[in-house]
2 protein chains.
Amino acid sequence: MKYQEAKDKFILAWGSLGSSWGVSRTMAQIHALLLISTSPLSTEDIMEELQISRGNANQNIRALMDWGLVEKELKAGERREYFVAGKDIWELAKQVAKERKKRELEPMLKVLNQLQDVDGDSKEVKEFKEVTKNISDFAGQAESTLNLFINSKQNWFYKLLSKIKL
Amino acid sequence: MKYQEAKDKFILAWGSLGSSWGVSRTMAQIHALLLISTSPLSTEDIMEELQISRGNANQNIRALMDWGLVEKELKAGERREYFVAGKDIWELAKQVAKERKKRELEPMLKVLNQLQDVDGDSKEVKEFKEVTKNISDFAGQAESTLNLFINSKQNWFYKLLSKIKL
DNA sequence: TTAATTTTTCATTTATTATTGAAAGTTTCG
DNA sequence: CGAAACTTTCAATAATAAATGAAAAATTAA
């Protein structure tokens, strides 16, 4: 397979994976582009490569920086900003886990806790309390596990799991 | 807090969690409704409760059944179909993991493997191969871990992790 | 078989989200 | 300062996704 073809396929695949992960398609595509780039890219480079507008490029690069997936890099004697993505996939996964925990799991836990003090003791209310309590417990355990993961060193987790299997 | 208020909050929260998980808002809301319901609900019940159209209700119920999160239940001597959601959160999580693995991880792994036979040995191609190889390896490990999880019994996983922590 | 009831489909409409591009803002340097 | 180089914002537009509702299809009972 030709490089250009492979590159396009990768960017496309990463983009569509993004959409099912609450990350916009273009954002994921920019990330893909930076992942496989051998050098930092400017906004212009990204616009050119993905055929998108300046505003679009700018906003999605900014979002990637918010997620902690991309960093700004300044070149000596150059005014223009360049961007790089970390290439360590383990770090990438941890960063995504961290952000999603903050953006999704934590707000949900907050709501679930509030729901525990619903009034009444009808069948409906009992069921409601039970289900939300179970979800809350589960979410709490998920949070602990994620914390473990987020603070772990590369392979710590898999090494552990592979031992257990035996 | 009043039951009705709590219920609405829960349905809302579950719905918005859904959107960030590649599940449509309405689909997640129907699921939430069934989760806290003490008895099977008909399409009519769901339309009424969530104020949605028949077509919308029908399609999202169907999607929930595709995901294996909701089942049809027939009442003796009744023509109309009723629906229930499993209340075991552990089972729910496993089912979601299973479906997402099938829908997202596996297609991605397939693409990544194809990308390994890109031609050339320029700096760019080397970097490309390295990055995609790393992602592929990571995704493979993630798949193993998910398989472990999907086949595990309730709490197996957490019991394990809590032991390790000490 | 026919009529009543219920489910499904799908073209149209509506709502949501993403993108554009030009204008405004910012930074740097002579 | 003032102009050039670059970045950011945001109202308008376009693209995408979800919802509606009526018609068609399927199912069941008489």
Side-chain angles (χ1 to χ4, degrees), chain A residues 11-34 40-67 69-84 103-104, chain B residues 11-34 40-67 69-84 103-104:
Chain A
I11 290 174
L12 224 71
W14 202 248
S16 78
L17 191 68
S19 352
S20 47
W21 277 74
V23 169
S24 97
R25 194 171 48 82
T26 303
M27 190 172 148
Q29 288 183 347
I30 294 174
H31 186 236
L33 188 61
L34 290 172
L41 300 182
S42 68
T43 302
E44 295 279 347
D45 296 333
I46 291 166
M47 288 166 59
E48 162 80 14
E49 189 85 39
L50 301 178
Q51 291 292 304
I52 59 176
S53 71
R54 182 173 304 283
N56 195 7
N58 181 274
Q59 296 204 138
N60 284 106
I61 290 168
R62 168 159 291 277
L64 282 165
M65 292 198 292
D66 278 352
W67 274 77
L69 303 180
V70 161
E71 297 200 334
K72 197 179 286 191
E73 191 169 302
L74 297 175
K75 289 194 181 179
E78 280 226 46
R79 202 150 153 185
R80 164 177 311 195
E81 296 176 336
Y82 288 81
F83 305 94
V84 284
R103 290 163 198 240
E104 295 160 28
Chain B
I11 290 173
L12 224 71
W14 202 247
S16 77
L17 191 67
S19 355
S20 47
W21 277 76
V23 169
S24 95
R25 194 173 48 83
T26 302
M27 190 173 148
Q29 287 183 347
I30 294 174
H31 186 236
L33 188 61
L34 290 171
L41 300 182
S42 67
T43 302
E44 296 278 348
D45 295 334
I46 291 166
M47 288 166 60
E48 162 80 14
E49 189 85 39
L50 300 178
Q51 292 291 304
I52 58 175
S53 72
R54 184 173 302 285
N56 195 7
N58 181 275
Q59 299 211 108
N60 284 106
I61 291 168
R62 168 160 291 276
L64 282 165
M65 292 197 292
D66 278 352
W67 274 76
L69 302 181
V70 161
E71 298 202 332
K72 197 180 286 192
E73 190 168 303
L74 297 174
K75 288 194 180 180
E78 278 226 49
R79 200 151 156 186
R80 161 178 314 195
E81 295 175 337
Y82 288 80
F83 305 94
V84 284
R103 291 163 196 240
E104 295 158 29

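A note on names: the letters A, B, ... follow the listed sequences, proteins ahead of strands, and every chain is numbered from 1. Quantities reported herein were computed from a predicted structural model and do not represent experimental measurements.
- The two atoms that bring B/F83 and B/L34 nearest to each other are O-CD2, 3.3 Å, heavy atoms only.
- The nearest whole Å value for the distance from the OH atom in B/Y82 to the C1' atom in C/dT7 is 14 Å.
- With D/dT20, C/dT19, C/dT7 as the candidates, the nucleotide lying closest to the side chain of B/T43 is C/dT7.
- As a whole-Å value, the separation of B/K72 NZ from C/dT6 P is 14 Å.
- In plain terms, the two heavy atoms of B/M47 and B/S53 that are nearest each other are CG-O, 4.0 Å.
- In this structure, the CZ atom of A/R62 is 14 Å from the C1' atom of D/dC10, given to the nearest Å.
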Practice problem: Show the numbers, then the answer: is there a side-chain contact (heavy atoms from CB on, under 4.5 Å) between B/T43 and B/E81? | Solution: CA-CA 7 Å; B/T43 302; B/E81 295 175 337; 5.7 Å; no
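- The residue A/Q59 sits close to a base: some heavy atom pair falls under 4.0 Å.
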Self-check item: Sugar-phosphate or base contact per nucleotide [nucleotides 22-30 of chain C; S, B, -; heavy atom under 4.0 Å]
Solution: -----BB--
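- Between A/R80 atom CZ and D/dT8 atom P there is a gap of 13 Å when expressed in whole angstrom units.
- Between B/M27 and B/Q59 there is no side-chain heavy-atom pair separated by less than 4.5 Å.
- As rounded to whole Å, 15 Å separates atom P of C/dT9 from atom CG of B/N56.
- Relative to the side chain of B/N58, the nucleotides C/dT9, D/dT9, C/dT20 differ in distance, and C/dT9 lies closest.
- Taking only side-chain nitrogens and oxygens, B/S24 never comes nearer than 4.0 Å to OP1 or OP2 of D/dA17.
- In this structure, CD of B/E78 is placed 12 Å from C1' of C/dT5, rounded to the nearest angstrom.
- We find the CD1-CG distance between B/I30 and B/N60 to be 4.5 Å, quoted to the nearest 0.5 Å.
- Scanning all heavy atoms of the two residues, the minimum distance from B/A28 to B/G18 falls at CB-CA, 3.9 Å.
- Both A/E81 and A/R25 lie near DNA chain D, and the one whose nearest nucleotide falls closer to the 5' end is A/E81.
- Between B/I11 and B/L50, some side-chain heavy-atom pair lies under the 4.5 Å cut-off.
- Atom CZ of A/F83 is separated from atom C1' of D/dT8 by 11 Å (rounded to the nearest Å).
- One can place CD1 of B/I46 at 14 Å from P of D/dT20, the figure rounded to the nearest angstrom.
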